[in-house]
Undergrad: 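Dumping the structure here so I can ask a few things about it.
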Amino acid sequence: MEEKLSEVNSMSQMNKKDVLNALERIAVYLEIKGENAFRVSAYRKAAQALERDERPLSEIEDPSKLKGIGKGTAGIINDLLEEGETSLLKELEKEIPDGLLPLLKLPGLGGKKIGKLYQQLEVTDAGTLRKACEAGQVQELDGFGKKTEQKILEALEELGKRPDRLALAQVLPAAFDLRQRLASIDEIERFELAGSFRRGRETVKDLDFIISTEDPKTVGKRLVSMDHITEIIGHGDTKVSLELQYGDIIVPVDFRMVKDESFATTLHHFTGSKDHNVLMRQLAKERDEKISEYGVEEDTGTEHHFSTEEEFFAHFGLPYIPPELREGMDELERYDEKYELIEQDDIRADLHMHTTWSDGAQSIKEMVNVCRDKGYDYMAITDHSEYLKVANGLTAERLKRQHEEIRELNESMKDFTIFTGVEMDILPDGTLDYPDEVLKEVDFVIASIHSSFQQSERKIMDRLENACRNPHVAMIAHPTGRLIGRRKGYPVDMERLLEVAKETGTILELNANPHRLDLSAEWLKKAQDKGVKLSINTDAHRFDMLDYMTLGIKTGRRGWLKQETVVNTWPADRFKKLIWKNR
DNA sequence: GCCGTTTTCGGCCCGACTGTTTTCAGTCG
């Protein structure tokens, strides 16, 4: 009985994501029906308009007032909100088998072709499609042929085997290696890694390299003869598509070769996002100009080329919009040079790292030397606490001894400060791993969850709140515990955590480890809006992992973080006042 | 389906590539 009631409730209380999903489903169904492409994209545009608006749906009284949403879609959105469903989607679901939807993922198959397969061969899902291919029926259709049929069979074989997107961490070795290779090719004038990698997305589909050269033929030849290649997908005059293997990860990589005069516009084009490009092209159109990857063309035929992206943006009266902000949201109106978006050079400290005292690979001294070389002014050593036995967590007694070593080391340096610290576990019952008598001696106490991820949201929130309310706890590390693509993390009521963090003055971490990136850009934005203090740290367990800071900065920039919001950009004495003020 | 200082029709971001064709539709980024 209780269950049924909650079901009714959830039906009428669709959240924003549900509505966006429903609109996307409508678009996909219409695509397969072979509807007018502009009608299809109208539903996607409507979803974008809703997403772009920061308000929750309950506060948007009349969706049709948003640009991109008219009477029709507004009616559908209201139906979804009030009834939890809409007749259009219900009819589409009745009319079209939902087994067709995943087929859109097969390369080479779009709505039109799937529609044909459905109508003429009664294909309804991956299984029936395979049978039709094997029976040789597909190659008989207009617009299909032997090659298409073969490619579909191969794609069906691969379907589900490989993830859609790779985590940033998985493509880093490839990105690093390919940059070095390109740098050694003489015929290349300049190159840059574009795409979602450049925008700092958490996951990427492939790597896109933009290359300027006068000799694309030779460069192309050199590219296809590199190591690590498992397959040459395409090899044309301007584009080379490869698959390369690093460890057990297969990374798809595209190389685009253009003349140097087009480098900036091509880089912009392939950095995207697609939605950002649409905004830019609309802007150009209003001025009777046309943007393509090769340049900007006036309707008189005059062509403009730019040597840098800065010049390209300036042509439209815009400041240089950093890649991390190019998501087709409100960046064109909202960003200007006065916005103090956090930069790598703002970082003065790394406040979360491990040493051989717990599960790190290097000594305190080695970590300190690398941090000093990076130009930081201060840092914190934060090994694991007693509870984390697998990580050789420190007993109170060992912690004390470690801090003596740190104090001695500190005295030997004039221009650099090491804060004593600890990454203390929040235990499953909500208590903390050390008593206050121990904590009150520590400069920088991080609290974090490494256990009992399966607990209810309420129990998890009790644990996190309890930690925030302890006066010695300065920061919550990796607040959701997620591992990108591998583990969802424990259930957090993030809105609530932001409130408690704000109220208690607890810093929340942006953990820069590419497997974590926790908090995500989306929550960082909300945290900053609420006035929560943040800190970007690497959680390094080896000295080379201290380099992850650059990835954290990218994620922070995606969250529009300002320098002032991030406490490890502050001078050491100001930071010290912050962590000691409540005790 | 949405939009409008070209405002109720006729456009909608642009170009490359592929496999199918015999001049182009469909897909992709």
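Chain letters run A, B, ... following the sequence lines, proteins first, then strands; residues in each count from 1.
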Undergrad: For F38(A) and dG1(B), give me the distance from atom CZ to atom C1', rounded to whole Å.
TA: 11 Å

Undergrad: Please compare K67(A) and E297(A) by the position of their nearest nucleotide in DNA chain B and report the one closer to 5'.
TA: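 The 5'-side residue here is K67(A).
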
Undergrad: Can you check whether T73(A) has a side-chain N or O nearer than 4.0 Å to OP1 or OP2 of dC2(B)?
TA: yes

Undergrad: What is the distance, to the nearest angstrom, from the NE2 atom on H268(A) to the C1' atom on dC14(B)?
TA: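 Distance check: H268(A) NE2 to dC14(B) C1' gives 13 Å.
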
Undergrad: How are the rings of F316(A) and F312(A) set to each other: parallel, tilted or perpendicular (split at 30° and 60°)?
TA: perpendicular

Undergrad: A side-chain contact here means heavy atoms from C-beta on lying under 4.5 Å apart; do I60(A) and L50(A) qualify?
TA: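 The answer is yes; the side chains approach within 4.5 Å.
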
Undergrad: Do you know which of R516(A), R482(A), K554(A) makes salt bridge (charged side-chain N to carboxylate O under 4.0 Å, His left out) with E202(A)?
TA: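 Among the candidates, only R482(A) passes.
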
Undergrad: Can you tell me, in whole Å, how much space there is between the P of dC13(B) and that of dC2(B)?
TA: 15 Å

Undergrad: I need the CG-C1' distance between N36(A) and dC2(B), as an integer number of Å.
TA: 11 Å

Undergrad: Is atom CD of E61(A) surrounded by more than 12 heavy atoms (other residues, nucleotides or ligands) closer than 6.0 Å?
TA: no

Undergrad: I'd like to know if the side chain of H515(A) pairs up with that of R487(A) as donor and acceptor (distance under 3.5 Å, no hydrogens or angles considered).
TA: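 Distance-only check fails for H515(A) and R487(A).
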
Undergrad: Do K33(A) and I96(A) have side chains that approach each other closer than 4.5 Å (heavy atoms only, starting at C-beta)?
TA: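 The answer is yes; the side chains approach within 4.5 Å.
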
Undergrad: Near DNA chain B, counting only heavy atoms under 4.0 Å, which residues of residues 118-136 of chain A show up?
TA: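 Hits under 4.0 Å, by residue number: none.
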
Undergrad: Take the protein atom CG of L50(A) and the nucleotide atom C1' of dG1(B), then report the distance between them rounded to whole Å.
TA: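 For the pair L50(A) CG and dG1(B) C1', the rounded distance is 15 Å.
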
Undergrad: Atom CD1 of I152(A) and atom C1' of dT18(B): how far apart are they, to the nearest Å?
TA: 13 Å

Undergrad: At under 4.0 Å, does any side-chain N or O of S292(A) touch on OP1 or OP2 of dA16(B)?
TA: no

Undergrad: Would you indicate whether the side-chain heavy atoms of E154(A) and Q150(A) approach each other to under 4.5 Å?
TA: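 Side-chain contact under 4.5 Å: yes.
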
Undergrad: Do N511(A) and D539(A) have a side chain donor and acceptor closer than 3.5 Å?
TA: yes

Undergrad: Reckon Q282(A) touches a base, only the sugar-phosphate, or nothing at all at heavy-atom distances under 4.0 Å?
TA: sugar-phosphate

Undergrad: Could you check which nucleotide pairs with dT27(B) in any of the strands shown, counting Watson-Crick or G-U wobble with both distances under 3.5 Å?
TA: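 Base-paired to dA16(B).
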
Undergrad: Base contacts versus sugar-phosphate-only contacts with protein, heavy atoms under 4.0 Å: please encode nucleotides 19-29 of chain B as B, S and - from 5' to 3'.
TA: SS-----SSSB

Undergrad: For S241(A) versus K239(A), what's the shortest heavy-atom pair and its separation?
TA: OG-CE, 3.1 Å

Undergrad: Expressed as a whole number of angstroms, how long is the span from L23(A):CG to dG1(B):C1'?
TA: 12 Å

Undergrad: May I ask you to evaluate whether Y294(A) reaches the phosphate of dC14(B), defined as a side-chain N or O under 4.0 Å from OP1 or OP2?
TA: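 For dC14(B), OP1/OP2 do not have a side-chain N/O of Y294(A) under 4.0 Å.
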
Undergrad: At 4.0 Å (heavy atoms only), tell me whether T238(A) reaches a base, stays on the sugar-phosphate, or touches nothing.
TA: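 Touches sugar-phosphate only.
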
Undergrad: Roughly how many Å is it from NE2 in H276(A) to P in dC13(B), rounded to a whole number?
TA: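 These atoms are roughly 15 Å apart.
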
